[in-house]
Amino acid sequence: MEATFLVHDEQTVIIRGERFRKYLTAETLKSRTKELGAQISADYKGKKPILIGVLNGAFIFLSDLMRSIDIDCEVDFMKLSSYGANKISSGDVKELKRIDADIKDRHVIVVEDIVDTGLSMDFILSQMSEAGPASLKTATLLHKHEATKVDVPLEYVGFKITNLFVVGYGLDYGQVGRNLADIYILEDQMDQIQ
Ligand code: IMP
């Protein structure tokens, strides 16, 4: 079977024939996630929040974030349709899996890997608010703030990034690259971040 994912060197991977450069290292991701976990622990002391992970992309960030939280908390997952093999958000958001938990009167934190146009988060927040949570907040590892089409409240943000396509640490390019420990960006967009 043809490989779709190739580690080229220390700084570069090739996915589906395109070169990606290392952008955020595993160490950087780990220390920022710890800070967010500490902040959530302080903000939700005595409240037992429920973290709702958005599949597939958020599962790695969520698992690290949850282990950085040192108060009682619960977890559940929902799944939305993804980009497919494209690098541009289709804006067509569909729910593929609902949460199982009853979130009425619960303190809910929606956990995303990345907020791009904001359409997915907007869709999730309107669905969640209908269930009557005691509070509803959001955490995202990455925010492409220049790509925002819908303004959504983002309380816990790991990194604001420019409008670049990224892979790794849960994020995929056509389902490939989620297992990379670091986050990479398309090499031909590197000049945009100098
Ligand atoms: P939005 O609805 O446009 O905000 O897109 C949110 C979803 O698109 C995220 O949960 C990701 O699954 C996906 N996504 C957005 N940008 C990227 C990217 O740069 N790489 C991989 N997936 C992305």
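Both counts, for ligands and for their atoms, begin at 1 and track the order of listing. Please read these numbers as outputs of a predicted model, since none were measured by experiment.
At least one heavy atom of Val166 sits less than 4.0 Å from an atom of ligand 1. Using a 4.0 Å cutoff on heavy atoms, Gly118 counts as a contact of ligand 1. The shortest heavy-atom distance from Lys144 to ligand 1 is under 4.0 Å. Residue Asp113 places a heavy atom under 4.0 Å from ligand 1.
Set against the non-hydrogen atoms of Ser120, the atoms of ligand 1 under 4.0 Å away are 1 (P), 2 (O), 5 (O), 6 (C). Atom numbering of ligand 1 starts at 1 in the shown order; those under 4.0 Å from a heavy atom of Asp172 are 21 (C). Under a 4.0 Å criterion applied to the non-hydrogen atoms of Thr117, ligand 1 contributes the atoms 1 (P), 2 (O), 3 (O), 4 (O). If you number the atoms of ligand 1 from 1 as listed, the ones under 4.0 Å from a heavy atom of Leu164 come out as 19 (O).
By the 4.0 Å N-to-carboxylate-O rule, Asp100 lies close enough to Lys97 to be salt-bridged with it. The pair Lys48-Glu74 counts as a salt bridge, with a side-chain nitrogen and a carboxylate oxygen less than 4.0 angstrom apart.
Side-chain contact between Ile50 and Asp76: present, with at least one pair of heavy atoms (C-beta onward) separated by less than 4.5 Å.
Counting heavy atoms under 4.0 Å from ligand 1, residue Leu171 touches it through the side chain alone. In Glu112, the part holding a heavy atom less than 4.0 Å from any atom of ligand 1 is the side chain.
With sequence neighbours excluded, the residues forming a side chain to side chain contact (heavy atoms under 4.5 Å, CB included) with Lys94 are Ser81, Asp92, listed by chain and number. Legend: residues meeting side-chain hydrogen bond (donor to acceptor under 3.5 Å, both in side chains) with Thr138, ordered by chain and number and at least two apart, are Glu155.
Just one of Ile124, Leu55, Leu96 meets the side chain to side chain contact (heavy atoms under 4.5 Å, CB included) condition when paired with Leu80; it is Ile124.
By the 30° and 60° cut-offs, the orientation of the rings of Tyr156 relative to Tyr44 is tilted.
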